[in-house]
Amino acid sequence: MSANDTKLDDLRQRFGGDNESVIYDPHFAAMARQVIDAGGTRQAPYAGMPTLLDVPFRPVDWSSPDLAGLDVAMIGVPMDLGITNRNGCRFGPRAIRAMERVGPYNHVLRTMPARELAVADVGDVPFRSRFDLAGSHEDIEATIGKIVAAGVIPLSVGGDHSISLPILRAIGRDRPVGMIHIDAHCDTSGPFDNCRFHHGGPFRQAVLDGVLDPLRTIQIGIRGASEYLWEFSYASGMSVIHAEEVQALGTDAIVQKARAIAGDGPVYLSFDIDSLDPAFAPGTGTPEIGGLTTREVQAILRGLAGLNFVGGDVVEVAPQYDATTNTAHAGAQMLFEILSLMPFTPALAAKKETIG
């Protein structure tokens with residue numbers, strides 16, 4: 001018998017017949033047990049009620065919220081009153097909920113976050129009015145504040161990028177937080193049409209409100225024709241990496257810089273889908289060519305494991321400009337990448353060790 005025949009015979013004995021469903025690697029076997037039942041079947045990705053990343057839905061009475069037992073609450077923020085160009089990202093949470101086959105296993109970080117942590121989709125922020133931008137921001141801040149008060153990490157799905165301001169106001173209420181911001185735009189401009197609360201200026205206002213530490217903020221993927229509006233980023237001490245620099249620097253160097261800037265303190269992660277080149281994500285209100293690839297963003301996000309994340313968001317998915325659903329798919333995948341960082345945050349990692 002030749003060596004090839006011997007190898008084939010060994011493979012048949014190990015992986016064929018009665019052993020065809022056996023997974024030998026202990027880690028892979030443990031992961032498979034989370035999703036495959038004793039009968040060898042698993043939940044169909046297209047079945048059941050759609051939720052963010054297919055996590056359990058947990059209805060919440062926001063007048064008296066019960067978030068006990070949760071580590072992470074994912075919440076939709078369907079509001080785009082702060083948009084300056086093409087509107088429609090109010091439909092972003094619904095579009096991302098409809099995406100199937102994202103997760104549950106992250107093969108690079110070797111984690112199944114929604115099974116390792118207590119994670120739920122808690123629905124959408126309850127808005128009093130669909131016409132009132134300032135009031136909507138108040139509603140977001142109040143809702144996220146209740147999640148934070150319960151000791152739960154909020155991951156929000158917008159909606160336009162102005163939602164990050166009230167979120168940061170809730171998260172940074174007791175001390176300013178750092179931020180890793182992946183975007184085509186710095187979003188630190190002044191008033192637009194006499195309003196300071198639009199999606200192009202949330203981080204300027206967050207610094208002025210004392211809830212965001214500019215010296216612990218890095219903005220990645222910046223490009224486009226609005227650079228003249230973003231002097232606040234430089235004046236305040238934020239670090240800016242333009243999209244044109246990404247290829248020369250490489251993702252490893254960007255990760256190293258982001259980690260150094262974030263340090264050990266609490267940090268927020270904000271991901272705007274328009275950071276991606278429109279070839280990957282055309283369905284957004286302010287597309288800019290020359291952007292990041294999905295692979296580059298995944299590499300950057302995965303390199304941030306272990307930082308002290310206290311919240312995050314995915315914003316600006318506008319499905320009506322997304323004929324292929326690629327944008328919503330990319331948004332769901334990046335939400336999953338952010339969720340995959342949560343088991344490595346110091347507080348939750350310590351909790352897992354204590355329970356384990």
Side-chain angles (χ1 to χ4, degrees), residues 106-109 161 164 178-189 200-204 207 212-265 267-307 309 312-317 326-327 329-331 333-338 340-341 344:
N106 189 312
H107 73 283
V108 173
L109 296 178
H161 218 155
S164 296
M179 180 175 68
I180 296 172
H181 172 208
I182 302 176
D183 201 328
H185 314 99
C186 283
D187 292 351
T188 53
S189 68
F203 304 122
R204 177 192 188 116
V207 171
L212 177 64
D213 183 352
L215 299 181
R216 294 184 51 241
T217 295
I218 183 169
Q219 302 182 298
I220 302 167
I222 307 304
R223 61 194 188 278
S226 298
E227 181 80 16
Y228 64 92
L229 295 174
W230 301 327
E231 66 179 346
F232 185 88
S233 288
Y234 306 102
S236 64
M238 295 181 183
S239 298
V240 178
I241 297 178
H242 289 87
E244 295 81 4
E245 302 175 77
V246 170
Q247 187 171 5
L249 288 172
T251 55
D252 288 345
I254 293 171
V255 166
Q256 184 176 4
K257 184 170 184 177
R259 296 184 69 93
I261 289 169
D264 297 328
V267 62
Y268 187 78
L269 203 163
S270 188
F271 175 78
D272 190 324
I273 199 72
D274 69 26
S275 64
L276 297 173
D277 190 274
F280 299 93
T284 190
T286 317
E288 302 280 2
I289 69 163
L292 304 175
T293 69
T294 49
R295 186 180 297 171
E296 286 170 336
V297 174
Q298 284 180 297
I300 292 168
L301 291 175
R302 291 165 177 172
L304 303 176
L307 294 182
F309 288 111
D313 63 49
V314 172
V315 299
E316 301 279 351
V317 172
N326 282 0
T327 309
H329 191 180
Q333 183 66 46
M334 298 314 168
L335 179 64
F336 175 68
E337 300 292 347
I338 296 171
S340 295
L341 298 173
F344 302 97

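Predicted, not measured: the structure shown is a model, and the values here were computed from it. Sequence positions, counted from 1, serve as the residue numbers for this chain.
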Mind checking the [atom1]-[atom2] spacing from [X] to [Y]? Nearest 0.5 Å is all I need.
X	Y	atom1	atom2	answer
Ile241	Ile222	CD1	CD1	9.5 Å
Thr293	Gln247	OG1	CD	10.0 Å
Arg216	Tyr268	CZ	OH	14.5 Å
Asp272	Thr284	CG	OG1	5.5 Å
Asp183	Ser270	CG	OG	7.0 Å

For a quick test of reading the model, state the closest non-hydrogen atom pair linking [X] to [Y] and the distance between them.
X	Y	answer
Val317	Gly331	CG2-CA, 4.5 Å
Ser233	Thr188	OG-OG1, 2.8 Å
Ser340	Leu109	O-CD1, 3.8 Å
Thr251	Glu296	CG2-O, 3.9 Å
Ile289	Pro278	CA-CD, 3.7 Å
Ala184	Glu288	CB-CG, 3.9 Å

*asked:* Between Ser189 and Leu229 (side chain of the first, backbone of the second, donor and acceptor by atom type, cut-off under 3.5 Å), is there such a pair?
replied: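 It does not hold such a pair.
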*Is Asn326 reaching over with its side chain to a backbone N or O of Ala281, donor-acceptor style, under 3.5 angstrom?*
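The answer is no, because no donor-acceptor pair under 3.5 Å joins these two groups.
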Report yes if the side chains of [X] and [Y] come closer than 4.5 Å at any heavy-atom pair, otherwise no.
X	Y	result
Thr294	Gln333	no
Arg223	His185	no
Asp187	His181	yes
Trp230	Val240	no
Ile273	Phe271	yes
Leu301	Ile180	no
Ser236	Phe203	no

Report, one line per pair, each donor and acceptor closer than 3.5 Å where one atom sits in a side chain of residues 252-260; sequence neighbours left out.
from: Arg259; atom 1: NH1; to: Gly303; atom 2: O; distance (Å): 2.9
from: Arg259; atom 1: NH1; to: Ala305; atom 2: O; distance (Å): 2.8
from: Arg259; atom 1: NH2; to: Ala305; atom 2: O; distance (Å): 3.3

*Would you say the side chains of Asp313 and Ser164 form a donor-acceptor pair under 3.5 Å?*
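The criterion, which ignores hydrogens and geometry beyond distance, is satisfied for Ser164 and Asp313.
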*Indicate whether the side chain of His161 and that of Asp274 have a donor and an acceptor atom separated by less than 3.5 Å.*
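The answer is no; no qualifying pair exists.
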*Passing option when Met179 is tested against Thr217, Asp213, Leu269 for side chain to side chain contact (heavy atoms under 4.5 Å, CB included)*: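 Running side chain to side chain contact (heavy atoms under 4.5 Å, CB included) over Thr217, Asp213, Leu269 with Met179 returns exactly one hit, Thr217.
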*Give me the one residue out of Gln219, Glu231, Glu227 that meets side chain to side chain contact (heavy atoms under 4.5 Å, CB included) with Cys186.*
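Exactly one candidate clears the test, Gln219.
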_Leu215 CG: over 12 foreign heavy atoms closer than 6.0 Å_ =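 Yes.
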_N-O pairing of Arg302 and Glu337 below 4.0 Å_ =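 Here Arg302 pairs with Glu337 in a salt bridge, since their nearest N and O are under 4.0 Å apart.
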